[in-house]
Amino acid sequence: IVNGYAFTRENNQIRIVYAYMNDGGVRKFDVKLIKKGGFSRKIEDKEIFKNTLTVLNGTVAWDIAGNRNIYKCIDIDPMTIFKSPAVQIS
């Protein structure tokens, strides 16, 4: 992910993360694809979801601990992000 940049858009509880990739592309990841329960419960809260979204370990992540600890974050497999739908940029 380029320059550690990812952002989110919410629309009626649909949570989408846009990730800017090293290859110049942008991927759209639908967070609802994460199975409910366990660690994902931590990011179900709207404010936690928005305020902890970042890039760690070279991928989309949520810094739950708040200290950029790569072992205490929720991160998405980079290949999952890469395989997500590409977004056309005009």
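Put simply, CG on Asn51 and CG on Asp45 are 9.0 Å apart, with the number rounded to the nearest 0.5 Å. Considering CD1 of Ile48 and NZ of Lys42, their distance stands at 9.5 Å, rounded to 0.5 Å. Put simply, CD1 on Ile43 and NZ on Lys50 are 14.5 Å apart, with the number rounded to the nearest 0.5 Å. Between atom CD1 of residue Ile81 and atom CE of residue Met21 there is a gap of 7.0 Å, rounded to the nearest 0.5 Å.
Looking at Asp63, its side chain does come within 3.5 Å of a backbone N or O of Arg68 through a donor-acceptor pair. With hydrogens and angles ignored, the 3.5 Å screen pairs a side-chain donor or acceptor of Ser84 with a backbone N or O of Thr80. Under a 3.5 Å cut-off, the side chain of Trp62 and the backbone N or O of Cys73 do not form any donor-acceptor pair.
Considering Thr54, Val55, Asp77, Leu53 as possible partners of Val60, the one that fulfils the side-chain contact (heavy atoms from CB on, under 4.5 Å) test is Leu53.
Sorted by first then second residue, the ring pair (Phe, Tyr, Trp, His ring centres under 6.0 Å) pairs that include residues 64-90, not counting sequence neighbours, number zero.
Here the closest heavy-atom approach between residue Leu56 and residue Asn69 is recorded as CD1-O, 4.4 Å.
Residues satisfying the side chain to side chain contact (heavy atoms under 4.5 Å, CB included) test with Gln88, not counting sequence neighbours, are none. Partners of Asn57 by side-chain hydrogen bond (donor to acceptor under 3.5 Å, both in side chains), not counting sequence neighbours, listed by chain and number: Asp75.
In this structure the side chain of Phe29 never reaches within 4.5 angstrom of the side chain of Ile16, judged on heavy atoms.
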